[in-house]
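Read the numbers this way: they start at 1 and go in the same order the structure lists the ligands and their atoms.
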Amino acid sequence: MALHATSLLPSAFSIHKEGKLNASLKETGLFGVSFSDNLKADLNSPVIRSKREFNQRKLPVGAIRAQTAVTTPAINRATPEGKKTLRKGSVVITGASSGLGLATAKALAETGKWHVIMACRDFLKAERAAKSAGIAKENYTIMHLDLASLDSVRQFVDNFRRSGRPLDVLVCNAAVYQPTAKEPTFSAEGFEISVGTNHLGHYLLSRLLLDDLKQSDYPSKRLIIVGSITGNTNTLAGNVPPKANLGDLRGLAGGLNGLNSSSMIDGGDFDGAKAYKDSKVCNMLTMQEFHRRYHEETGITFASLYPGCIATTGLFREHIPLFRLLFPPFQKFITKGFVSEEDSGKRLAQVVSDPSLTKSGVYWSWNKDLASFENQLSQEASDVEKARKVWEMSEKLVGLA
Ligand code: LMG
Ligand code: NDP
Ligand code: PMR
């Protein structure tokens, strides 16, 4: 049963549908009572290639440590007793060189049931991170992916296919956050960098890899996109200014290039924190649109999540030092929304592999007893019409339509 975020808020808070927030200061987290964070392919070519064809192809010179692997059926009778065994799952995690992505890679690799493809923009950083996290060599492969370049996304997809590995789960985790930027910066194709990376890069990646997911014979295939509480205006955290708001999408329609269109989705003046929150709304809308378009036909589980406030990650690297100093204790002791990198990794790993989390179209969160629950998205983040428009506009921007 879906729990409503608002129903978990302290009674002193009520958040109305239109995003207005009423707060009486007695019994609020800031004054001693916890606000738990949870309170609250299309392919270039339409030809569908069989896995056998993938495996027969030669490894390209340019593939970065893409190891050869012969794809075996998901379930085989390998044991002498003839018991059915499941082959190792194969999961791609973007931005696995730090924070949540790295912690998730570690949690999955440690089970011995997953091979993690760490899709990262900085190969050496990723290698060092995997080593220092103690991930066993045989459980991961690093492949280059820069989400701020659509060419790089396409190259990654080619390299991945040439590696011969199946794709059982795709996790769109990477993100950038520019809270202090005064002026926008842009991706290779000229999209404002936060929406360009967090949304458009992942949008192209997941559209292209959908075919690979379809071809997997793994029993539970999933596409997971990391969302956040701060993009949801039905929560306290989502009401800290600047608030997410995609408006009428005029900036997105114009290409977010800051030249003949605004760099912001809603057409407004650049605001880095808002651009990040808007990108998270796009992530959550995309997950639902995937669900509506493809779940029934493919059986793939499409999900997003809010892993908790992982206040110590690299996401806040561009914030002022005072913020970085105060934010973790603020989240730990005041909002009580704090979660360690390790625990957040276990949460995302659950969404990847837990047999009880196979429901599609869900935005997962965790309550104060650390149990997962189906959370409710804000009105904007669950707007069906907006989801369709974001999908169609994004499709044009990334060259799929
Ligand atoms: C913007 O500022 C930045 O400008 C932008 O760059 C980006 O970072 C963006 O969301 C990201 O934030 C937001 C800024 C403006 O909020 C603050 O950071 C103000 C901090 C004020 C601290 C007062 C809290 C007191 C608690 C003491 C704890 C000590 C530890 C401090 C750690 C700080 C780390 C965050 O926000 C405003 O305009 C005013 C702030 C109002 C908050 C709005 C929340 C809406 C819900 C209202 C509920 C009211 C609950 C009590 C309010 C009292 C606190 C103001
Ligand atoms: P980190 O900064 O630690 O991790 C982000 C990762 O994304 C890094 O590995 C980074 O690579 C990678 N990345 C950034 N840009 C690109 C790019 N162009 N191409 C490929 N990879 C890229 O932050 P978190 O672990 O906190 O963030 C992970 C996810 O969790 C994000 O989606 C974020 O929105 C979400 N989230 C985080 C919360 C938090 O409290 N921290 C709360 C809610 C959601 P590199 O190492 O090279 O910089
Ligand atoms: Mg927020 C229940 C309270 C709660 C939670 C769970 C978060 C999560 N935050 C909460 C409350 C508040 N925050 C309050 C009351 C304030 C005003 C003092 C506040 C401020 C604040 C700032 C300035 N919070 C922030 C920032 C950031 O720069 C972070 C951000 O918005 O990044 C986009 C952030 C966050 N608070 C969170 C979470 C999870 C973030 C981080 C990032 C994200 O959504 O990925």
Open item on the list: Please list the nearest protein heavy atom to atom 26 (O) of ligand 2 with its residue and the distance rounded to 0.1 Å.
Closed with: Thr313 OG1, 2.6 Å
TODO: Using the six-membered ring wherever Trp is involved, compare the ring planes of Phe316 and Phe323 and label them parallel, tilted or perpendicular (cut-offs 30° and 60°).
DONE: tilted
- [ ] Return yes when Ala129 approaches ligand 2 closer than 4.0 angstrom through a heavy atom, no otherwise.
- [x] no
Open item on the list: Closer than 4.0 Å to some heavy atom of Thr230 - which atoms of ligand 3 meet that?
Closed with: 31 (O), 35 (C), 36 (N), 37 (C), 38 (C), 40 (C), 43 (C), 44 (O)
TODO: State the atoms of ligand 3, each with its element, that fall below the 4.0 Å cut-off from a heavy-atom position in Cys309.
DONE: 37 (C), 38 (C), 39 (C)
TODO: Only one of Val195, Asp266, Leu285 passes side chain to side chain contact (heavy atoms under 4.5 Å, CB included) with Leu246; say which it is.
DONE: Leu285
Open item on the list: Using heavy atoms and a 4.0 Å limit, tell me yes or no: is Gly227 in contact with ligand 2?
Closed with: yes
Open item on the list: Within the structure, is a non-hydrogen atom of Cys309 found at a distance of less than 4.0 Å from ligand 2?
Closed with: yes
Task: Exercise: identify the closest heavy-atom pair between Ser90 and Ile117 - done: OG-CD1, 3.5 Å
Open item on the list: Quick one, Met143 with Val92, criterion side chain to side chain contact (heavy atoms under 4.5 Å, CB included). Give me CA distance, side-chain angles, the key distance, then yes/no.
Closed with: CA-CA 9 Å; Met143 290 182 71; Val92 169; over 6 Å; no
- [ ] Distance to 0.1 Å, residue and atom name: give those for the protein heavy atom nearest to atom 1 (P) of ligand 2.
- [x] Ser98 OG, 3.4 Å
Open item on the list: Closer than 4.0 Å to some heavy atom of Tyr276 - which atoms of ligand 3 meet that?
Closed with: 33 (C), 43 (C), 44 (O), 45 (O)
Open item on the list: With a cutoff of 4.0 Å, is Tyr177 in contact with ligand 2, counting heavy atoms of the residue only?
Closed with: no
- [ ] Look at atom 21 (N) of ligand 2 and say which protein heavy atom is nearest, naming residue and atom and giving the distance to 0.1 Å.
- [x] Ala174 CB, 3.6 Å
- [ ] May I ask you to list the atoms of ligand 2 that are less than 4.0 angstrom from any heavy atom of Leu145?
- [x] 19 (N), 20 (C)
Open item on the list: One residue to check: Asp146. Relative to ligand 2, which of side chain, backbone, both or neither has a non-hydrogen atom less than 4.0 Å away?
Closed with: both
Open item on the list: Looking at every heavy atom in both Thr233 and Ser378, which two are closest together, and how far apart are they?
Closed with: N-CB, 3.5 Å
TODO: Could you tell me whether Glu392 and Lys396 make a salt bridge, using a distance below 4.0 angstrom between a side-chain N and a carboxylate O?
DONE: no
- [ ] Go through ligand 3 atom by atom and flag the ones less than 4.0 Å from a non-hydrogen atom of Leu315.
- [x] 45 (O)
TODO: Give yes if a backbone or side-chain nitrogen or oxygen of Leu315 is under 3.5 Å from a nitrogen or oxygen of ligand 2, and no if not.
DONE: yes
TODO: Look only at interatomic distance and state if Thr197 has a nitrogen or oxygen under 3.5 Å from any nitrogen or oxygen of ligand 2.
DONE: no
TODO: Any atoms of ligand 2 less than 4.0 Å from a non-hydrogen atom of Ala148? List them with their elements.
DONE: 18 (N)
- [ ] Please could you name the atoms of ligand 3 that Phe323 approaches to less than 4.0 Å, counting only its heavy atoms?
- [x] 22 (C), 23 (C), 26 (C), 27 (C), 28 (O)
Open item on the list: Taking a cutoff of less than 4.0 Å between a non-hydrogen atom of the residue and any ligand atom, is Thr94 in contact with ligand 2?
Closed with: no
Open item on the list: Looking at ligand 3, is there an atom of it that comes within less than 4.0 Å of some heavy atom belonging to Gln331?
Closed with: yes
TODO: Between Phe316 and ligand 2, find which residue part has any heavy-atom pair under 4.0 Å and reply side chain, backbone, both or neither.
DONE: side chain
Open item on the list: In the structure I gave you, are the side-chain heavy atoms of Val157 and Leu209 within less than 4.5 Å of one another anywhere?
Closed with: yes
Open item on the list: Which residues pass the side-chain contact (heavy atoms from CB on, under 4.5 Å) test with Arg292, not counting sequence neighbours?
Closed with: Gln288, Glu289, Val384, Ala387
Task: Protein heavy atom at shortest distance from atom 29 (C) of ligand 2 - done: Asn173 O, 3.1 Å
Open item on the list: Is the ring pair Phe290/Tyr294 parallel, tilted or perpendicular, if the boundaries are 30 and 60 degrees?
Closed with: tilted
Task: Residue portion contacting ligand 2 (non-hydrogen atoms closer than 4.0 Å) for Asn198 - done: neither
Task: ligand 2 versus Glu341: contacting region, heavy-atom distance under 4.0 Å - done: neither
Open item on the list: Suppose we measure from atom 6 (C) of ligand 2 to each protein heavy atom; which comes out shortest, and what is that distance?
Closed with: Gly95 O, 3.6 Å
Task: Close N or O approach (Arg121, ligand 2; < 3.5 Å) - done: yes
Task: Heavy-atom closest pair, residues Asn283 and Asn198 - done: ND2-O, 3.0 Å
TODO: Please identify which atoms of ligand 3 are closer than 4.0 Å to at least one heavy atom of His319.
DONE: 28 (O)
Task: Identity of the nearest option to atom 42 (C) of ligand 3, non-hydrogen atoms only, from Phe316, Tyr306, Phe327 - done: Phe316
Open item on the list: With nothing but distance in play, are any N or O atoms of Lys125 less than 3.5 Å from an N or O of ligand 2?
Closed with: yes
TODO: May I ask you to identify, for Leu147, whether its side chain, its backbone, both or neither come under 4.0 Å of ligand 2 on a heavy-atom basis?
DONE: both
TODO: Give the numbers and elements of all ligand 2 atoms closer than 4.0 Å to a heavy atom of Val176.
DONE: 14 (C), 15 (N)
- [ ] Return the minimal non-hydrogen interatomic distance between Val281 and Ala244, and the atom names on each side.
- [x] CG2-CB, 3.7 Å
Open item on the list: Return the closest protein heavy atom for atom 42 (C) of ligand 2 as residue, atom name and distance.
Closed with: Gly308 O, 3.5 Å
TODO: Answer yes or no: is there an ion pair linking Asp122 with Arg128, defined by an N-O contact shorter than 4.0 Å?
DONE: no
Open item on the list: Can you tell whether the side chains of Asp211 and Lys214 come within less than 4.0 Å, N to carboxylate O?
Closed with: yes
Open item on the list: Within the 4.0 Å heavy-atom shell around Gly99, which atoms of ligand 2 are there?
Closed with: 3 (O), 25 (O)
TODO: Let me see the working for Asn232 and Tyr306 under side-chain hydrogen bond (donor to acceptor under 3.5 Å, both in side chains), right down to the final yes or no.
DONE: CA-CA 10 Å; Asn232 280 295; Tyr306 167 57; over 6 Å; no
Task: By salt bridge (Lys or Arg N to Asp or Glu O under 4.0 Å) - contacts of Lys106 (at least two apart) - done: Glu110
Open item on the list: Which label fits His319 and Tyr177: parallel for a plane angle under 30°, tilted from 30 to 60°, or perpendicular past 60°?
Closed with: perpendicular
TODO: Look at atom 9 (O) of ligand 2 and say which protein heavy atom is nearest, naming residue and atom and giving the distance to 0.1 Å.
DONE: Ser97 OG, 2.8 Å
Task: Nearest protein heavy atom with distance in Å, relative to atom 25 (O) of ligand 2 - done: Leu100 N, 2.8 Å
